[in-house]
Amino acid sequence: MKKYLALLLSVVMVIGLLAGCSGGGSQPQGGGESGDLGTDPYTGIAYSSDTEYDYLYSEEITSMNYLATSVSANQKSLANFVDTLIEYDNLGNIVPDLATSWEESDDGLTWTFHLRDDAKWYTCEGEEYAPVTANDFVKAARLVADVKFDSDMPDMLTSYIVNGSELYNGVIDDFTQLGVEAVDDYTLVYHLKQPCAYFLTLLTYGCYLPVNEAFYESCEVENPTPTINDSGEEELVTNEFGTDYDKILYCGAYICESWMPQEEYIWVKNENYFDADKVYITKINGKYNAQADSIAPEMFLRGEIDSCSVTTNILDEWLNGDNAQYVHQSKKLGTIMYMLFNFNPKMEDETANEAYRAAVNNKNFRKSIQCGLNKEYTLSAYDPYFAKDRVANLMIPSDFAMVDGKDYVTFGNLPELSKGFYDEAKALEYRDAAKAELEAAGVPLPIQIPVFYNPSTPNMDNSFQLIEKQLEELLGNDYIDITVYAGPTTNFIGEVRRPGKWGLYEQGWSPDYADPATYFEPFGYGWTFGSQEYIEGDEYKTGYIYTEEDYANNVIDDEDLVGAPQMVFNSLVEAARAEKELNARYELFAKAEEYALEEALLMPYQQYNEGYVASKLALFEAENAMAGICAYKYKGMHLLEKSYSMDEFETAKAAWEADKAK
């Protein structure tokens, strides 16, 4: 659920999944003649005989506990180690994986899955440990539903499964009452609280993966002692599951053979995997380097690695030189990046902090930024040629959620809002109004706005510098003073976003399931995606106070919210979530989105792709999944003899889109 992209723009993804390549300039070929190994169906480029994929990464894995972590840098690895009940083909169709078939009851409350009987668990040495059974899913669900397990995505399961919330919140303590049942070793049943049209897509998220109970118990620590974690806090580790590559089992396409943090990791094909004939890349070698973005292109040109991101500082040189035959754009992802205001600021300078707090609670101030931000200009740091294609003006991308052939983005007033708010004349009007109101309240100007970029995210620093330049030149540095800082490459979220040190923040969200609700998740109570519940002013509250009954009925999922005021935005989202008829549901979500945008509570900024890359990966063979973790899988992908050029990429994309439309 909490896919913290913070940025989810991590280079592990940039150069790890869709940005693979080999050679450049005089690009080295594979380990021999391609012979009759086959060709990419979309371009005719030959498959490579070299089946080892080498790349650099700059954002380290922090946990292998796939039931507890929703951090994308972790999920990108774990998706290749442990399989899901269902997965997607390269056109986006749901297909069997660990489940061979399934049925939904007439009332939509019971889902029965029939598991394959040839899926096995393996150790990191490749030794068979046990069959994968329905009991493994039951054990996993019970762990996620246990508050002591400390999963960061429990509501992805507990909000849907019978007695999930009651167990998590301690209302009941008998975990056999959780609505996940093993009828026999290969028949798994989920009992839902209410019908859920998108339930299958939920199953591709980490909290629905299986775990072998005997292995999990073998990871228990007999005499645990407190240790200091990366955040400097004391913690007691009672179970070491997921703390290292030998502390998990594997039932997916790859086994992690070695992992030395901030050095390297090595994955090898699981030769005993039930679907091994669809795993074409036999070994994946990741080398850590904090400066991966800078040094990868030269290593690529020397044939030392199979992947590189072509950043904007070298893009012209590549596109206008011999390397043009290797560089191309990336596929758009479901990830939307937002430019967020901070309604609960905790900056070190108390005077500046309180001035910012007053400003961000002034609607005219927020609107001046919203209407003043020239996204196409500031996104040119990521893509100087097609920046307009990256601009996002809505919370949810097109082609994500459909009902009766109608796209969610066509509901309500969203078509008009999709045109964006950029209007310099209006921005200046809002600025003048905000200035007068803030000065009358004794708020000192200019408003200090600290922004932090993640050094491991290509071109993010340049984008923020353009934001600083463009907004200050338009609105005046006597009104705002934007300062750009480099954040840490490790634990960026924990050290920057969650502590609230910032004034503007670019944060991404990837969908967890195929319904508009998923994009509203991070803007709920308790999240630090701007902390909108801290906004001041009675006009942002409905006047309703949450009750124990709301908590019992899952209207709110945190008992601490009992007695708290209901915010207008959240009330709109709650109404949409409660509506089950899809057309009406989409209308209500559109209404909630319209409110958030019109009030400038948040600003959609860009629909993420991985920029320009040179890639030997046949990326249109990858699983096409906007939601969940399946898009991170290497299964099904070949390495090509050469990277796509821009023209070859466009040819492949057009052919792939034609296949999807059939």
Side-chain angles (χ1 to χ4, degrees), residues 12 16 57 60-85 87 97-98 115 119-144 146 148-154 157 203-221 224 229 235 237-261 263-276 279 283-284 286 628-630 632-635:
V12 174
Y57 67 97
E60 188 56 85
I61 301 168
T62 58
S63 173
M64 288 194 177
N65 186 345
Y66 49 84
L67 295 175
T69 179
S70 60
V71 176
S72 59
N74 300 332
Q75 291 184 330
K76 290 164 195 170
S77 297
L78 299 169
N80 290 282
F81 301 158
V82 182
D83 267 17
T84 45
L85 281 168
E87 61 183 355
D97 191 7
L98 287 175
L115 308 188
K120 311 289 184 183
W121 288 111
Y122 298 90
T123 67
C124 62
E125 290 87 15
E127 297 176 355
E128 184 177 326
Y129 187 91
V132 177
T133 69
N135 290 298
D136 299 333
F137 291 90
V138 173
K139 174 61 178 178
R142 291 176 179 176
L143 286 172
V144 173
D146 187 345
K148 296 189 295 293
F149 183 70
D150 199 27
S151 173
D152 69 10
M153 47 185 163
L157 184 141
L203 301 177
T204 64
Y205 209 65
C207 58
Y208 285 91
L209 297 180
V211 66
N212 180 274
E213 183 170 10
F215 182 83
Y216 181 81
E217 291 178 351
S218 75
C219 295
E220 291 179 356
V221 180
N229 62 24
E235 66 178 356
V237 177
T238 59
N239 191 298
E240 294 181 328
F241 178 78
T243 57
D244 211 337
Y245 72 101
D246 61 348
K247 298 299 183 182
I248 62 170
L249 292 176
Y250 301 79
C251 66
Y254 293 92
I255 291 173
C256 187
E257 184 178 77
S258 172
W259 176 37
M260 293 180 285
E263 289 188 34
E264 67 173 12
Y265 58 67
I266 300 172
W267 309 349
V268 294
K269 176 181 176 179
N270 182 357
E271 297 292 349
N272 295 308
Y273 177 53
F274 63 84
D275 221 4
V279 182
K283 193 173 185 181
I284 296 172
I629 64 175
C630 289
Y632 301 144
K633 293 184 179 183
Y634 288 92
K635 174 182 175 180

Main chain of [Y], side chain of [X]: is a donor-acceptor contact present, judged purely on distance under 3.5 Å?
X: Lys120; Y: Asn272; result: no
X: Asp97; Y: Thr84; result: yes
X: Asp136; Y: Thr133; result: yes
X: Asn270; Y: Cys251; result: no
X: Asp152; Y: Ser70; result: yes

According to side-chain hydrogen bond (donor to acceptor under 3.5 Å, both in side chains), who are the partners of [X], at least two apart in sequence or on a separate chain?
X: Glu127; value: none
X: Lys635; value: Glu87, Tyr273, Asp275
X: Glu264; value: Lys287
X: Ser218; value: none

How many angstroms lie between atom [atom1] of [X] and atom [atom2] of [Y], to the nearest 0.5 angstrom?
X: Ile248; Y: Cys124; atom1: CD1; atom2: SG; answer: 9.0 Å
X: Ser151; Y: Asn65; atom1: OG; atom2: CG; answer: 7.5 Å
X: Gln75; Y: Ile61; atom1: CD; atom2: CD1; answer: 12.0 Å
X: Asn135; Y: Asn212; atom1: CG; atom2: CG; answer: 9.5 Å
X: Leu203; Y: Leu209; atom1: CG; atom2: CG; answer: 10.0 Å

So which heavy atom on [X] is nearest to which on [Y], and how close?
X: Gly206; Y: Leu67; result: O-CD2, 3.5 Å
X: Val132; Y: Phe137; result: CG1-CE1, 4.3 Å
X: Trp259; Y: Glu60; result: NE1-OE2, 3.1 Å
X: Lys269; Y: Ala276; result: NZ-O, 3.0 Å
X: Trp121; Y: Pro210; result: CH2-O, 3.4 Å
X: Pro224; Y: Thr238; result: CG-CG2, 4.1 Å

Does the side chain to side chain contact (heavy atoms under 4.5 Å, CB included) test come out yes or no for Thr123 and Leu249, once each step is laid out? CA-CA 5 Å; Thr123 67; Leu249 292 176; 4.1 Å; yes
Between Phe274 and Leu98, is any pair of side-chain heavy atoms under 4.5 Å apart?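 A side-chain contact exists here, since the closest heavy-atom pair is under 4.5 Å.
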For the residue pair Asp83 and Lys633, establish whether any side-chain heavy-atom pair is separated by less than 4.5 Å.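 A side-chain contact under 4.5 Å exists here.
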With sequence neighbours excluded, tell me which residues meet side-chain contact (heavy atoms from CB on, under 4.5 Å) with Asn239.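 Expected list: Tyr216, Cys219, Glu220, Phe241.
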If you apply the rule side chain to side chain contact (heavy atoms under 4.5 Å, CB included), what do you find for Leu78 with Thr69, and how did you get there? CA-CA 10 Å; Leu78 299 169; Thr69 179; 3.9 Å; yes
Run the side chain to side chain contact (heavy atoms under 4.5 Å, CB included) test on Leu85 and Leu115 for me, step by step, so that the C-alpha distance in whole Å, both residues' side-chain angles and the decisive distance to 0.1 Å come before the verdict. CA-CA 8 Å; Leu85 281 168; Leu115 308 188; 3.5 Å; yes
Residues at least two apart in sequence or cross-chain that pass ring-ring contact (aromatic ring centres under 6.0 Å, His included) with Phe149, listed by chain then number, are none
Let me know which of Tyr245, Trp267, Tyr129 forms a side-chain contact (heavy atoms from CB on, under 4.5 Å) with Tyr250.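 For Tyr250, the side-chain contact (heavy atoms from CB on, under 4.5 Å) check succeeds only for Tyr245.
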Taking the six-membered ring for Trp and the full ring for Phe, Tyr or His, determine whether the centres of Tyr66 and Phe81 are under 6.0 Å apart. no
Distance-only side-chain donor-acceptor flag, Ser63 / Asn74, under 3.5 Å: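 No pair is found: no donor N or O on one side chain lies under 3.5 Å from an acceptor on the other.
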